[in-house]
Undergrad: 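One structure coming up, written as structure tokens, with questions to follow.
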Amino acid sequence: MNELSPLAARLHTLPPSCGPVRLIAVDGHAGSGKSTFTGRLATALGDAPVLHLDDMATHESFFTWVDRLREQVLGPLERGECARYAPYDWTARSFGAPRALEPAPVVLIEGVGAGRRALRPALARLLWMDLTAAESWERGRRRDGPALSGFWDGWTAAEAEHFSADPSRPHADTLVTQLPVGYALLKGPTTTAGTNHSVTEREHFAPSS
């Protein structure tokens with residue numbers, strides 16, 4: 001069993017939030033482990049479709065993709081239609097051929113800004129990777145190496161500005177911490193303020209032996 005199967009089972013029980021879709025956002029700082037966690041959660045959900053926001057951002061504009069996301073993804077999903085979006089190629093610096101995103105029962109959207117103000121009305125749940133900016137950015141820089149240090153300088157400045165104006169963590173339903181083995185989930189700031197939530201005080205999800 002996938003270590004995140006209990007979480008996946010609960011997400012399936014949520015009311016649809018975007019047409020027939022339960023749209024689940026995984027947000028956090030760059031380098032915080034969003035992609036790895038989302039991949040494991042998608043597997044636990046039976047290979048749920050995943051939209052990576054790296055495909056929506058561009059070199060020229062890291063965070064002004066909301067209108068394209070609404071037009072190419074959210075609008076079709078709300079109508080129960082297959083969405084088609086043009087992913088950005090960070091090497092060619094251009095948009096590629098359209099990619100399909102089916103209106104499955106659960107669709108995951110991951111990336112910095114996935115829980116931003118403009119998207120929250122369409123979300124069934126917001127998960128936040130709870131690693132500090134400094135730790136996340138250090139991990140990201142170490143992963144990408146010195147060749148991308150200039151890119152990281154520009155990215156971290158833009159990310160700090162984004163979250164200063166439009167923070168996601170205060171609105172998270174669940175805080176996700178990566179452990180040496182598996183993950184721990186905590187109630188997020190939104191749920192501790194009094195709203196209902198299905199995550200217990202603290203849960204540990206580790207791979208089955």
Side-chain angles (χ1 to χ4, degrees), residues 23-42 49-74 83 85-99 101 107-123 125-179 183 186 188-190:
L23 191 62
I24 310 298
V26 180
D27 203 343
H29 298 290
S32 62
K34 297 180 300 300
S35 296
T36 298
F37 173 80
T38 302
R40 292 178 180 175
L41 181 56
V50 178
L51 173 67
H52 301 282
L53 289 177
D54 284 351
D55 289 336
M56 304 301 294
T58 69
H59 281 93
E60 291 74 27
S61 180
F62 292 146
F63 294 104
T64 57
W65 37 256
V66 171
D67 288 343
R68 282 190 294 109
L69 183 68
R70 283 175 173 156
E71 178 183 352
Q72 298 178 9
V73 178
L74 298 186
Y85 64 97
Y88 183 71
D89 186 324
W90 289 84
T91 301
R93 292 178 175 255
S94 62
F95 290 102
R99 186 176 297 168
L101 187 73
V107 172
L108 303 176
I109 176 172
E110 74 86 17
V112 179
R116 66 194 303 172
R117 185 183 305 114
L119 302 190
R120 286 197 291 271
L123 300 179
R125 197 61 95 227
L126 169 55
L127 311 180
W128 173 266
M129 301 301 295
D130 210 27
L131 190 68
T132 68
E135 292 173 299
S136 298
W137 295 342
E138 181 182 0
R139 282 176 49 171
R141 286 178 181 272
R142 187 167 59 247
R143 176 195 65 202
D144 292 344
L148 291 179
S149 61
F151 173 84
W152 271 95
D153 290 342
W155 174 271
T156 54
E159 183 182 305
E161 182 179 358
H162 166 74
F163 280 134
S164 177
D166 192 355
S168 294
R169 190 183 187 278
H171 304 277
D173 301 288
T174 304
L175 303 179
V176 182
T177 301
Q178 186 172 358
L179 303 174
Y183 296 91
L186 289 173
T190 295

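We use all heavy atoms of the structure for the numbers below, so side chains are in, but hydrogens, waters and symmetry mates are not. Treat the numbers as computed from the prediction; the structure is a model and nothing was measured. If you read the sequence from its start, that first residue is 1, and numbering goes on from there.
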Undergrad: Between Arg40 and Ser35, is there a donor-acceptor pair closer than 3.5 Å when you use the side chain of the first and the backbone of the second?
TA: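 No, the answer is negative, given that no donor and acceptor are paired below the 3.5 Å cut-off.
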Undergrad: For the residue pair Ala114 and Leu123, what are the closest heavy atoms and their distance?
TA: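 Shortest heavy-atom separation between Ala114 and Leu123 comes out as O-CD1, 3.9 Å.
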Undergrad: Does Leu108 reach the side chain of Leu23, with side-chain heavy atoms less than 4.5 Å apart?
TA: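 Result no, sub-4.5 Å side-chain heavy-atom pair not found.
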Undergrad: State the CG-CD distance between Asp67 and Gln72, to the nearest 0.5 angstrom.
TA: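 Asp67 CG to Gln72 CD: 10.5 Å, rounded to 0.5 Å.
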Undergrad: As a test of understanding, state which of Phe63, Trp128, Phe62 forms a ring pair (Phe, Tyr, Trp, His ring centres under 6.0 Å) with Phe163.
TA: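 Only one option passes, and that is Trp128.
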Undergrad: Which atom names give the shortest non-hydrogen contact between Gly96 and Ala86, and what distance separates them?
TA: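 Looking at all heavy atoms of both residues, the closest pair is O-CB, 3.8 Å.
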Undergrad: Strictly by salt bridge (charged side-chain N to carboxylate O under 4.0 Å, His left out), give each pair with a member in residues 139-151 just once, sequence neighbours left out.
TA: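 For residues 139-151, and leaving out neighbouring residues, the salt bridge (charged side-chain N to carboxylate O under 4.0 Å, His left out) pairs sorted by first residue read Glu138-Arg142, Arg141-Asp153.
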Undergrad: Search all heavy atoms of Pro189 against all heavy atoms of Leu175 and return the closest pair with its distance.
TA: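 Distance-wise, the nearest heavy atoms are CD-CD2, 4.0 Å.
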Undergrad: Does the plane of the ring in Phe151 sit parallel, tilted or perpendicular to the ring in Trp155? Use 30° and 60° as the thresholds.
TA: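 Geometry flag for Trp155 against Phe151: parallel rings.
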Undergrad: Could you measure the distance from the OH atom of Tyr183 to the CZ atom of Phe37? Nearest 0.5 Å is fine.
TA: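 Between Tyr183 OH and Phe37 CZ, I get 6.5 Å after rounding to 0.5 Å.
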Undergrad: Is any side-chain heavy atom of Met129 closer than 4.5 Å to one of Leu127?
TA: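 The answer is no; the side chains never approach within 4.5 Å.
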Undergrad: Salt-bridged, Arg169 to Asp27, with N to O below 4.0 Å?
TA: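 Answer for the salt bridge query: no.
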Undergrad: Does Arg117 offer a backbone N or O that forms a donor-acceptor pair with the side chain of Asp166 under 3.5 Å?
TA: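 Yes; at least one donor-acceptor contact below 3.5 Å.
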Undergrad: So, Glu159 side chain and Ala30 main chain: donor-acceptor pair closer than 3.5 Å or not?
TA: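 Yes, the answer is positive, given that a donor and an acceptor are paired below the 3.5 Å cut-off.
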Undergrad: Which pair of non-hydrogen atoms, one from Trp137 and one from Thr156, has the smallest distance, and what is that distance?
TA: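 The answer is CD2-CG2, 3.4 Å.
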Undergrad: Could you check whether any side-chain N or O of Asp130 sits under 3.5 Å from a backbone N or O of Thr177, counting only pairs where one atom can act as donor and the other as acceptor?
TA: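 Absent.
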Undergrad: Where is the tightest heavy-atom contact between Pro87 and Ala97, given as atom of each residue plus distance?
TA: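 Minimum heavy-atom contact is CD-O, 3.2 Å.
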Undergrad: Once rounded to the nearest 0.5 Å, what's the spacing between atom CG of Asp89 and atom OG of Ser94?
TA: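 The CG atom of Asp89 sits 5.5 Å away from the OG atom of Ser94.
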Undergrad: Tell me if a side-chain donor or acceptor on Arg120 pairs with a main-chain N or O of Gly115 at a distance below 3.5 Å.
TA: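 Checking the backbone N and O of Gly115 against the side chain of Arg120, a donor-acceptor pair under 3.5 Å is found.
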Undergrad: Determine whether Arg68 and Thr58 make a side-chain contact, defined as any pair of heavy atoms from C-beta on separated by less than 4.5 Å.
TA: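 With C-beta onward as the side chain, the pair touches.
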Undergrad: Examine distances only and state if a side-chain atom of Ser149 and a backbone atom of Pro146 form a donor-acceptor pair shorter than 3.5 Å.
TA: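 Checking the backbone N and O of Pro146 against the side chain of Ser149, a donor-acceptor pair under 3.5 Å is found.
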Undergrad: Stepwise, does the side-chain hydrogen bond (donor to acceptor under 3.5 Å, both in side chains) test hold for Ser164 with Glu161?
TA: CA-CA 5 Å; Ser164 177; Glu161 182 179 358; over 6 Å; no
Undergrad: To the nearest 0.5 Å, what is the distance between CD1 (Ile24) and CG (Leu126)?
TA: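 One finds 9.5 Å between CD1 of Ile24 and CG of Leu126.
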Undergrad: Under 3.5 Å, is there a donor-acceptor pair between the side chain of Lys34 and the main chain of His29?
TA: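 The answer is yes, because a donor-acceptor pair under 3.5 Å joins these two groups.
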Undergrad: With a 4.5 Å heavy-atom cut-off, do Val50 and Glu110 have their side chains touching?
TA: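 Yes, side chains in contact.
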Undergrad: Side-chain contact test, heavy atoms from C-beta onward, threshold under 4.5 Å: evaluate it for Tyr85 versus Asp55 and give yes or no.
TA: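 A side-chain contact exists here, since the closest heavy-atom pair is under 4.5 Å.
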Undergrad: Counting C-beta onward and ignoring hydrogens, is there a side-chain heavy-atom pair between Ile109 and Leu53 closer than 4.5 Å?
TA: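 A side-chain contact exists here, since the closest heavy-atom pair is under 4.5 Å.
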Undergrad: I need the Trp90 CH2 to Asp54 CG distance, nearest 0.5 Å.
TA: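 Trp90 atom CH2 to Asp54 atom CG measures 6.5 Å (nearest 0.5 Å).
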